Amino acid sequence: MKYPFTEVEKKWKKRWEDNKTYKTDLTNLEKALYTLVMFIYPSGSKLHIGHWYNYAPTDSWARYKKLRGYNVFEPMGYDAFGLPAENYAIKTGIHPQDSTFQNIDDIREQLKTMGCMYDWDAELMTCVPEYYKWNQWLFIELYKKGLAYRKNAPVNWCPSCQTVLANEQVQSSGTCERCDTMVERKNLTQWFFKITDYADELLDGLKTIDWPEKTKTMQENWIGKSFGTEVKFGVVGHQDKEIRVFTTRPDTLFGVTYVVLAPELDLVQELKQSNKIFSKDQLSKDKQTLISKLQTNNVLMEETTRDLRQFHSNNSIKTEQTNFIDDSNNIYYLYENFPLTQDLLSEVFEYPLTTIRSILKIVANNNYEDIKNKFKKRTNRINTDLAVLEKCENKKQSRRISNYIKKSSHLSEIERTSTVKEKTGVFTGAFAINPVNGEKVPIWIADYALATYGTGSVMAVPAHDERDFEFAIKFNLPIRKVILEQGTDENAELTEAFTNSGIMINSAQFNGTDSVEGKSTITDWLSENNNGEKKINYRLRDWLISRQRYWGTPIPIIYCDKCGEVTVPEEQLPVKLPYDVNFKHDGASPLAGNVEFVNTTCPKCGGHATRDVDTMDTFMDSSWYYLRYLNPKFSDGMFDTKLGDDWTPVDMYVGGAEHATMHLLYARFIHKFLRDIGLVNSDEPFKRLIHQGTITNNGAKMSKSKGNVVNPGSFIEEYGSDVFRMYLMFMGPYELGGDWSDKGIVGVDRFVQRAYTLFENNENLGKTVSATIKFEMDKLSPIEKSIYQLVNKTLAKFENEIDNFRFNTAVASLMELNNGLKELSECSNEMKLFALERFAVMLGPLAPHMAEECWSMLGNEKGLYDNPIWYDIDENALVQESVTIVVQVNGKVRAKMDLQLDTDEAKVKELAWSDDKVKNHTDGKIIVKEIYIKNKIYNIVVR
RNA sequence: GCGAGGGUGGCGGAAUUGGUAGACGCGCUAGACUUAGGAUCUAGUAUCGAAAGGUGUGGGGGUUCGAGUCCCCCCUCUCGUACCA
């Protein structure tokens with residue numbers, strides 16, 4: 001008879017449910033094992049094969065552990081808050097709460113068809129007040145410890161939808177996912193969690209957990225700890241200001257030719273304002289006279305920006321700068337007090353400064369005093385120092401800066417930081433002072449400097465940094481080599497940035513130092529002179545948790561005119577999410593529209609106050625749900641701390657690799673925080689982590705929007721859930737995933753049919769024969785012996801494979817066993833029972849319904865999972881008595897010999913040489929050597 | 001660009017420490033049983049060759065008695081990441 005999966009599945013599901021087979025006794029800590037799979041987002045679409053691929057094999061692992069006597073806790077729940085439900089509401093008008101509850105009901109039913117051993121008493125959902133109350137409580141705890149704070153931060157804002165978008169809703173083109181409008185960045189005051197306080201611990205903890213190396217590396221990079229130096233640059237004309245830059249290459253400090261500020265920095269605004277542009281008549285009489293003289297004397301340089309920068313950077317020139325606008329709306333920079341040094345004069349001569357050159361030409365060959373005198377005569381300056389006038393390239397320099405800042409604010413984070421984008425920037429007109437040599441370098445703003453990293457200011461060393469090099473080339477800024485690559489010419493021009501270590505040059509007293517050593521030498525020098533210090537920087541940013549959205553946990557903060565920011569008192573929690581809300585976007589958080597919600601009284605003074613109208617990031621929910629599962633109905637706290645201590649860290653956690661740096665980092669942070677406030681006694685939430693691979697469809701990720709989702713429905717109907725789950729496991733390595741194809745499912749089905757028939761043919765065997773634990777191999781027939789060995793071998797293999805999530809080879813080993821049991825009919829009933837008992841038990845984790853049925857067909861009264869059982873291996877049966885020894889000639893296989901294990905070399909040699917093929921290949925050749933690897937190979941080397 | 005992981009028959013994929021490459025399954029071929037076969041069973045199936053014997057794990061080089069496995073260079077695919085100073 002064909003395996004009647006419909007009846008069998010129904011029968012066992014009912015029995016499991018009636019017997020509460022999968023209800024875990026959490027007070028029993030002997031061999032306690034917490035297996036967890038990332039909980040499900042209850043969307044309107046059905047469970048697809050991706051969910052099955054995630055959950056079913058994990059359940060098989062848990063079942064295996066259960067059969068081995070572990071007290072396994074395997075819960076399932078719903079990550080029920082979030083954007084999709086709200087977007088769905090905007091589209092259809094169905095309230096997120098209604099659709100979510102409906103979806104949860106549907107999904108629960110679908111999950112049950114899988115036949116996983118979830119403890120349904122532990123089921124939880126995050127969108128109910130009993131759950132999110134504790135998000136709020138946790139928020140307040142963080143707040144009390146100074147780890148929750150508010151600051152102004154940019155969000156992705158769609159001007160057309162009038163709403164805030166999550167990063168993943170912004171397309172790579174920088175447009176809105178829904179309406180294709182260009183997304184803007186808008187500053188809003190928002191809540192942050194200070195995860196950065198835990199940066200070091202999050203980094204160190206990685207060493208203690210059994211996670212995929214790849215994931216740990218990703219977290220490591222994400223945290224991005226980097227050791228460097230913070231250097232203080234002065235600002236010309238602003239004694240009170242300084243620019244701090246972070247660098248990992250203090251050894252290149254002498255190569256700084258400009259400084260870059262991120263456009264968002266407050267300092268940029270100040271510099272812009274301080275570099276005020278005067279109208280010409282606002283200037284002093286003296287200056288006006290000077291300007292006219294410079295203009296009439298034609299000491300006006302039309303194309304001199306580049307050359308001026310050269311002056312500034314190559315020489316320690318201290319000038320006074322005045323910006324003004326003339327009657328024809330041209331902007332000029334007037335630099336006074338250029339010291340007319342010999343250096344400058346010779347330098348000037350190098351560049352096509354037509355005007356100055358024409359002046360200096362006259363005096364080129366004269367001595368310094370002559371030059372001074374002649375220059376004085378020519379310009380009618382009393383002062384012998386040079387004044388120069390630079391015409392601004394762009395008439396609207398100031399506006400240019402503003403425009404640039406505005407423009408970069410329009411770019412999304414993704415777009416701005418795209419490396420393929422060409423570098424942009426604008427000169428501020430201001431100069432910074434390099435502390436190491438007093439050199440003046442121009443200050444630029446450019447969006448390749450990120451306000452969110454380090455100080456937001458960068459010292460640019462084009463010669464030794466790729467980005468700076470690219471920028472310098474584009475804007476014609478000087479490139480000064482200060483690290484010499486070994487074996488290269490000091491004067492050779494660089495065609496690309498040299499970023500490795502070398503010998504320091506052009507670095508005054510540090511010349512000749514190895515650049516690696518130079519890092520600390522220079523840093524020490526800076527510290528001594530109070531110009532900088534050692535500094536550690538992190539790439540990790542604080543966790544922005546505010547969402548200008550409805551379907552989430554309300555932030556438990558009240559704003560009072562008198563008392564300011566006040567937390568909601570614990571006894572007033574939860575702050576319930578009101579049902580009646582216009583969640584259609586109107587430019588603000590939907591909760592802002594609910595007057596009843598917003599208006600409240602201040603818990604401190606009783607006066608009028610308003611509530612925070614934002615909700616929390618849903619990663620908050622998933623940061624501690626594994627603790628709540630232990631008792632979702634617990635009301636005396638976030639979770640039962642006794643159970644938390646007993647059952648966490650989670651022994652096995654399975655979920656997608658896409659959560660590597662978000663969820664998995666946040667949960668670790670929260671866990672550590674909970675430890676610090678005494679709620680858990682462990683450092684890490686998840687001891688062991690496995691990522692399932694992704695199942696693609698024709699190479700594309702399955703998604704509802706693409707319409708390429710494969711539903712398991714038809715396969716379940718045709719083959720049953722056990723065959724389907726086993727096929728998913730058989731497809732390939734679990735952690736790799738792969739492209740979906742149903743081509744091989746018939747193979748698994750055939751295997752199941754054959755196995756079922758085998759049990760059918762031996763029905764009630766256990767009632768007539770008593771079970772044997774161990775056989776004396778000498779007393780077995782050859783067939784019995786080989787079956788006995790195969791069964792034991794399979795057990796050993798199977799255990800190892802399942803333990804390590806290698807389900808494909810575990811299934812294969814059972815198929816091999818099944819093939820090997822073809823001759824079972826020729827065995828004694830004792831041997832039959834021995835083999836079939838073990839076969840049924842091994843089927844248990846992979847095909848739970850079928851295995852229960854087979855197990856009961858043998859005559860067992862108690863179910864496999866009600867009375868878990870696993871068999872010991874007879875080690876004697878694993879010992880091979882004979883072994884195939886391969887005879888090679890020059891590494892090529894020429895003969896194979898079946899010999900007793902541990903046959904001695906002389907005997908092997910004799911047999912090897914008696915083989916005809918071996919003779920053929922060695923005749924007439926010189927024997928160089930012979931190698932014998934015991935029980936494996938006999939290799940003859942000839943020439 | 002950088003980081004990680006892959007590339008093995010017609011296909012999905014096996015191969016503890018270097019030691020018989022291709023387990024298991026699909027597909028295919030032949031046969032058996034059948035009124036029938038998209039059921040089941042049996043045998044075969046890397047490739048060239050009639051055979052002997054060659055050749056074979058992306059390509060090239062190397063180490064070794066022996067390399068899918070170790071080392072160097074290159075090609076290619078997938079994933080992650082995106083100017084982190």
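Here is the naming used below: chain letters follow the sequence lines, and residue numbers restart at 1 for every chain. In this text, all values refer to a predicted model and were calculated from it rather than measured experimentally.
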Base, sugar-phosphate alone, or nothing: which one does [X] contact when heavy atoms must sit under 4.0 Å apart?
{"X": "A:V746", "result": "sugar-phosphate"}
{"X": "A:T247", "result": "sugar-phosphate"}
{"X": "A:S226", "result": "sugar-phosphate"}
{"X": "A:K535", "result": "nothing"}
{"X": "A:V941", "result": "sugar-phosphate"}

Specify the separation, in whole Å, of atom [atom1] of [X] and atom [atom2] of [N].
{"X": "A:I536", "N": "B:A85", "atom1": "CD1", "atom2": "C1'", "result": "16 Å"}
{"X": "A:F469", "N": "B:G1", "atom1": "CZ", "atom2": "C1'", "result": "16 Å"}
{"X": "A:L814", "N": "B:G25", "atom1": "CG", "atom2": "C1'", "result": "13 Å"}
{"X": "A:E816", "N": "B:G22", "atom1": "CD", "atom2": "P", "result": "13 Å"}
{"X": "A:I885", "N": "B:U20", "atom1": "CD1", "atom2": "C1'", "result": "12 Å"}
{"X": "A:Y258", "N": "B:A85", "atom1": "OH", "atom2": "P", "result": "16 Å"}
{"X": "A:Y448", "N": "B:G1", "atom1": "OH", "atom2": "P", "result": "21 Å"}
{"X": "A:R249", "N": "B:C84", "atom1": "CZ", "atom2": "P", "result": "14 Å"}

I'd like to know if the side chain of [X] and the backbone of [Y] have a donor-acceptor N/O pair within less than 3.5 Å.
{"X": "A:E533", "Y": "A:T229", "result": "no"}
{"X": "A:N939", "Y": "A:V887", "result": "no"}
{"X": "A:Y756", "Y": "A:F751", "result": "no"}
{"X": "A:R249", "Y": "A:T499", "result": "yes"}
{"X": "A:R838", "Y": "A:N792", "result": "no"}
{"X": "A:N697", "Y": "A:N708", "result": "yes"}

Any idea how [X] and [Y] line up, ring-wise: parallel (<30°), tilted (30 to 60°), or perpendicular (>60°)?
{"X": "A:F807", "Y": "A:F805", "value": "perpendicular"}
{"X": "A:F471", "Y": "A:Y448", "value": "tilted"}
{"X": "A:H659", "Y": "A:F619", "value": "perpendicular"}

Between [N] and [M], how far is it from one [atom1] atom to the other, in whole Å?
{"N": "B:G1", "M": "B:U8", "atom1": "C1'", "answer": "31 Å"}
{"N": "B:G61", "M": "B:G56", "atom1": "P", "answer": "11 Å"}
{"N": "B:C73", "M": "B:G19", "atom1": "P", "answer": "24 Å"}
{"N": "B:U35", "M": "B:A30", "atom1": "C1'", "answer": "22 Å"}
{"N": "B:G13", "M": "B:A46", "atom1": "C1'", "answer": "14 Å"}
{"N": "B:C72", "M": "B:U81", "atom1": "P", "answer": "28 Å"}
{"N": "B:G58", "M": "B:G6", "atom1": "P", "answer": "13 Å"}

- Is any side-chain N of the basic residue among A:E230 and A:K232 closer than 4.0 Å to the acidic one's carboxylate O? no
- Item | Ion pair A:K225/A:D200, N-O distance below 4.0 Å | yes
- Message: If the cut-off is 4.0 Å, is A:S741 near the phosphate of B:C26, judged by side-chain N/O to OP1 or OP2?
- Response: no
- Query: Does A:K929 place a side-chain N or O at less than 4.0 Å from the phosphate oxygens OP1/OP2 of B:C65?
  - Reply: yes
Both distances under 3.5 Å, Watson-Crick or G-U wobble: report the partner of [N], or none.
{"N": "B:G1", "result": "B:U81"}
{"N": "B:U42", "result": "B:A30"}
{"N": "B:A52", "result": "none"}
{"N": "B:G37", "result": "none"}
{"N": "B:C24", "result": "B:G12"}

- Taking for each residue the nucleotide of RNA chain B bearing the nearest heavy atom, is the 5' side occupied by A:R539 or by A:G744? A:G744
Distance-only donor-acceptor hits, side chain of residues 810-819 of chain A, under 3.5 Å, sequence neighbours excluded:
from   : atom 1 : to     : atom 2 : distance (Å)
A:S813 : OG     : A:A810 : O      : 2.7
A:N819 : ND2    : A:M815 : O      : 3.4

- Starting at the 5' end of nucleotides 37-58 of chain B, put B wherever the base has a protein heavy atom under 4.0 Å, S where only the sugar-phosphate does, and a dash everywhere else. ---SSS----------SSS---
- For nucleotides 7-19 of chain B, read 5' to 3', which letter fits each nucleotide if B means a protein heavy atom sits under 4.0 Å from the base, S means only the sugar-phosphate is that close, and - means neither? -----BSS--B-B
- So, is B:G9 syn or anti if syn means the angle is within 90° of 0? syn
